[in-house]
Amino acid sequence: MSTAQRLHARTLGWYAEHRRDLPWRSSEVDAWGVLVSEVMLQQTPVARVEPVWRRWLDRWPTPADLAEASPADVVRAWDRLGYPRRALRLLDCARAVVDHHGGQVPRDAVDLLALPGIGAYTAAAVAAFAYGDRVPVLDTNVRRVLGRLLGAEALPPPTQTRAERHRAEAVLPEDAATSATWNVAVMELGALVCTARAPRCEACPLAADCAWRAAGFPADAHASRRHTQAWHGTDRQARGALMAVLRAHPDAPPPPDLLARAWPEGGQRDRALASLIADGLAEAVDGGHRLPTHRPPAATG
DNA sequence: AAAACGGGGTT
DNA sequence: AACCCAGTTTT
C-alpha cells in the first residue's frame, strides 16, 4: 500500500467513526441546500450556522423561492451570522441560478465561479459535496491539515499559495466518490482534531505520518505577517450595531434616536449608514433609515 | 498583495 | 484581550 493510500484509508476510517451529523451532509439535501450552507459557513462557525440554515431552507427551499424574496426579509433572516453582504449576494445568486441556469445549481466550475458570492472555495465545495466531483477543496481546515502533514508548518501562510493547491491535488484520491469523502474528511479532521490552537495529536489518525510532528512542532513561520484586526470603535463595529437596529425594525424605519443610541458618534454613524446604503443593506427614507425593500438586479458583467 | 467586511464562542 | 471561524470582493 502506498503512502497516499495509507493516508486515505486512515483518514476515511477516522471520518466514518467520528464525523458530525451536520444537516447539510444529509443525502436528502440538494445542491442548493449545500450551496446555501457553504455561503453561510464562509467565516462563520458551524454551530451558529446550523439553526439559521434550517430556518432559511424551510422558508426558501429552492433558488426560485429565494429569488422572489425581498432584501429586507433576506437580511433579517440572515440574523447575526455576520458579513450581511453575503445575504444579498445569496439573493443575487438565487436570481442568477433562475435566470441563467433554469433554477438548477450549475455543476461546472466556470459557471459556479460566475455566481455572486461564490469564490474558489465555495465552487469546489459545491462541485465536490453536492455533485461528487473530483476537485480539491481547500478551506482553512484543509490548508492547516495538509500544511502540517506534508509541509511541516504550524499554520498555513496568510494567502493561499500555488504550492498548497499543487499539494492538495497531489493527495486527492483518484476515484471521484472517494475524493469527495476525502475532502470532507480532511476538513472534519481539521475542525475536530488538527485544530489551530490546541491540536489533539493523540487522537489523530495521521500522527505517525505528520511532518510537523516529526519536525518537533516548529513555530508558525508566518506569525510576523499576521495582524489581528482591530474591532472596538471601527466602522465594522458601527455598521454591525446599526444593522442590528434595522433588523429589529424590518418594515418601518426605527425611531430616530435608536440609531443614535446604537452608535452615538455622529460622524462615524453617518459614514457607516452611507456605506450600508452603498452596499444595498439599508435605504434612506423620509423618517430615517430602514432595511431595503427592493434590490436592483445585479450587474451581470 | 492588502484591505474591507460581523459577530460571538473559546482560550 | 486575543484568537479563530467550510472566504469573497474590491482596491
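All chains are named by letter (A, B, ...) in the order of the sequence lines, taking the proteins before the strands, and each is independently numbered beginning at 1. In what follows, every heavy atom counts, from backbone to side chain, and hydrogens, waters and symmetry copies are set aside.
- Scanning atom types as modelled, one donor and one acceptor separated by under 3.5 angstrom connect the side chain of A:Thr44 and the base of B:dG6.
- Between the side chain of A:Arg80 and the base of B:dG7, no donor-acceptor pair under 3.5 Å is found.
- Considering only side-chain N and O atoms, A:Gln43 lies under 4.0 angstrom from the phosphate OP1 or OP2 of C:dG7.
- DNA chain C is contacted by both A:Pro116 and A:His232; A:His232 maps to the nucleotide lying nearer its 5′ end (nearest heavy atom per residue).
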Requested in this report: Check step by step if salt bridge (Lys or Arg N to Asp or Glu O under 4.0 Å) holds for A:Arg54 and A:Glu50.
Outcome: CA-CA 6 Å; A:Arg54 290 181 189 279; A:Glu50 201 168 328; 3.2 Å; yes
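- Remark: C1' of C:dT9 and CG of A:Leu281 are 14 Å apart, rounded to the nearest angstrom.
- A:Pro84 comes within 4.0 angstrom of sugar-phosphate atoms only, judged by non-hydrogen atoms across all strands, and of no base.
- As rounded to whole Å, 12 Å separates atom C1' of B:dG8 from atom CG of A:Asp79.
- The A:Tyr121 side chain lies nearest to C:dG7 when the options are C:dG7, C:dC4, B:dC5.
- A:Ala120 comes within 4.0 angstrom of the backbone, heavy atoms only, and of no base.
- The nucleotide whose nearest atom lies closest to any side-chain atom of A:His227 is, among C:dT9, B:dA4, B:dA3, B:dA3.
- For A:Ala196, counting side-chain heavy atoms from C-beta on, the closest listed nucleotide (C:dG7, B:dA4, C:dC5) is C:dC5.
- Between B:dG7 and A:Arg247, a contact under 4.0 Å exists linking OP1 or OP2 to a side-chain N or O.
- Whole-Å rounding puts the A:Met40 CE to B:dG6 P distance at 16 Å.
- Among the heavy atoms of the strands, none lies under 4.0 Å from A:Arg143.
- Proximity of A:Arg226 to the phosphate of C:dC4: no side-chain N or O atom is located under 4.0 Å from OP1 or OP2.
- Judged by distance alone, the side chains of A:Tyr83 and A:Arg236 do bring a donor and an acceptor atom under 3.5 Å apart.
- A donor and an acceptor atom, one from each side chain of A:Glu38 and A:Tyr121, are located under 3.5 Å apart.
- With a 4.5 Å cut-off on side-chain heavy atoms, A:Arg295 and A:Asp92 count as touching.
- B:dG6 atom P lies 13 Å from atom CD of A:Gln42, rounded to whole Å.
- With rounding to whole Å, A:Trp78 atom CH2 is found 12 Å from C:dT8 atom P.
- The base of B:dG7 sits with one of its N or O atoms less than 3.5 Å from a complementary donor or acceptor on the side chain of A:Arg48.
- Counting non-hydrogen atoms under 4.0 angstrom, A:Thr122 reaches the backbone sugars and phosphates but no base.
- Looking at which nucleotide of DNA chain B each of A:Ser275 and A:Thr159 is closest to, the 5′-most match is held by A:Thr159.
- Using a 4.0 Å cut-off, no side-chain N or O of A:Thr228 falls inside it from OP1 or OP2 of C:dA2.
- Counting non-hydrogen atoms under 4.0 angstrom, A:Gly82 reaches a base of the nucleic acid.
- Look at the C1' atom in both B:dA3 and C:dA6: the space between them is 22 Å, to the nearest Å.
- One cannot find a donor-acceptor pair under 3.5 Å joining the base of C:dC4 and the side-chain atoms of A:Arg197.
- One C1' atom belongs to C:dT9, the other to B:dG8, and the distance between them is 24 Å to the nearest Å.
- Put simply, CZ on A:Arg86 is 9 Å from P on B:dG6, counting in whole angstrom units.
- When the P atom of B:dG6 is taken as reference, atom CH2 of A:Trp231 falls 8 Å away, rounded to whole Å.
- Among the atoms of the strands shown, none is found under 4.0 Å from any heavy atom of A:Gln237.
- For the pair A:Arg85 and A:Leu88, the minimum side-chain heavy-atom distance is 4.5 Å or more.
- Distances from the side chain of A:Leu41 to the nucleotides C:dA6, C:dC4, C:dT8 place C:dA6 closest.
- Atom P of nucleotide C:dA6 and atom CG of A:Leu81 are separated by 13 Å, given to the nearest angstrom.
- The residues A:Asp251 and A:Arg290 are annotated as not salt-bridged, no charged nitrogen and carboxylate oxygen being separated by less than 4.0 angstrom.
- The shortest side-chain heavy-atom distance between A:Val98 and A:Arg95 does not fall under the 4.5 Å cut-off.
- Across B:dG9 and C:dT8, the matching P atoms stand 25 Å from one another, rounded to whole Å.
- Using a 4.0 Å heavy-atom criterion, one finds that A:Leu90 contacts no nucleic acid atom at all.
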